[in-house]
Amino acid sequence: RIPHFAMARRYPLHVSWEFPIKWRSGETMTKLLGLLAALCIASPVSAATTTTVRDTWPTTALGSINRDVFDMALAATSCAERAGAVNQPATLTVIDYSLPSTDKRMWVYDLRTQTLLYEELVSHGQGSGANVAGRFSNVPGSYQTSLGLFVTAEPYMGKNGYSLRLDGLETGVNDRARERAIVMHGAPYVSEAFVAANGRLGRSQGCPAVRTEIAHDLINTVKGGGLVFAYAKDPAWLRASAYLGQCAAAANPPAGRTTR
């Protein structure tokens, strides 16, 4: 048995208690256990601090997405809300451009019900590469895909049919998306049949084009304030993004536009 004075030295909190502990009293023991539980809950070091944001989602709701990419997308979503860039977005679309175009690399999630709505093929820009995108730009005429966080805007009828405008939130990374006409639309070169015949998807002028069969419904699902998170293993963007890491966007909202 540990002497009383030794207990006091190892657990200083013990000496501050002002009531006697009657170890054989069930009522007193119950109160003590309740106090200890409260102290554990109040502690800043708890199990909750070590869990990731995806742990609140059902595993079956994630699909085949890389879990780290999903975490990053949810963190960027939270940052955008803190920064006032969006207000309770209903959907989150994640595109993983580190994967080849032959893979289903776009996922659409309902943020309210925590469910996966779509898992789809998506194209990248002609200037970004063949089957795998390796170059990214914010510059008009580059025909390259842009990375980062976008907010969905209004749908319209254009040369590619029913399309959805996107507004880039990241200064110097994707904030010229509207100027560049980077939109979501359907395209005949996004299909399993095209992949079978060509070994990859066709490429856009920088737009995230999807299968024509699902374009209309998908656009109506995500339009008007949803988020799109376009990811790739691009070190410069990963270091500088205002919506990743420490969420610089919340402290210093971007005031101007630059090119990259």
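Scope of the values below: all heavy atoms of this structure, side chains included, with no hydrogens, waters or symmetry mates.
Judged by distance alone, with hydrogens and angles left aside, the side-chain atoms of Arg82 form no donor-acceptor pair with the main-chain N or O of Ala250 at under 3.5 Å. Side-chain atoms of Ser241 never come within 3.5 Å of backbone atoms of Trp237 as a donor-acceptor pair (strictly under, hydrogens ignored). Side-chain atoms of Arg180 come within 3.5 Å of backbone N or O of Gln144 as a donor-acceptor pair. Glu119 contributes a side-chain N or O that, together with a main-chain N or O of Ser64, makes up a donor-acceptor pair within less than 3.5 Å. In terms of modelled atom types and a separation under 3.5 Å, the side chain of Thr152 and the main chain of Leu166 share no donor-acceptor contact. Under the 3.5 Å distance criterion, the side-chain polar atoms of Thr145 are left unmatched by any main-chain donor or acceptor of Ser128. Although no hydrogens or angles enter the test, the distance criterion places no donor-acceptor pair under 3.5 Å between the side chain of Asn160 and the main chain of Ala187. At least one donor-acceptor pair closer than 3.5 Å links the side chain of Ser163 to the backbone N or O of Gly161.
We find the CG-CG distance between Leu201 and Asp103 to be 9.5 Å, quoted to the nearest 0.5 Å. Taken to the nearest 0.5 Å, the CZ atom of Arg176 stands 11.5 Å off from the CD1 atom of Ile182. A distance of 7.0 Å separates CZ in Arg200 from OG in Ser101, rounded to the nearest 0.5 Å. Atoms CG and OG1, on Leu149 and Thr77 in that order, are 6.0 Å from each other to the nearest 0.5 Å. Atoms CD1 and CD1, from Ile214 and Ile219 in turn, are 8.5 Å apart once rounded to the nearest 0.5 Å. How far CD of Gln246 is from SG of Cys79: 10.0 Å, rounded to the nearest 0.5 Å.
Contact annotation: the side chain of Tyr162 approaches that of Asn220 to within less than 4.5 Å [non-hydrogen atoms, C-beta and beyond]. Side-chain atoms of Asn131 and Thr102, non-hydrogen and from C-beta on, do get closer than 4.5 Å to each other. Residues Arg203 and His124 form a side-chain contact, since some pair of their non-hydrogen atoms from C-beta on lies under 4.5 Å apart. Residues Pro208 and Val228 form no side-chain contact, since every pair of their non-hydrogen atoms from C-beta on lies 4.5 Å or further apart. At a threshold of 4.5 Å between non-hydrogen side-chain atoms, the residues Ser98 and Tyr231 count as touching. A heavy-atom distance below 4.5 Å is not found between the side chains of Asn198 and Tyr189. Annotation: side chain of His185 is in contact with side chain of Cys207 (closest heavy-atom distance under 4.5 Å).
Within the structure, every pair that satisfies the ring-ring contact (aromatic ring centres under 6.0 Å, His included) test and touches residues 88-121, not counting sequence neighbours, is listed here: Trp57-Tyr109, Phe70-Tyr109.
Salt bridge present: Arg178 and Asp167 bring a charged side-chain N and a carboxylate O closer than 4.0 Å.
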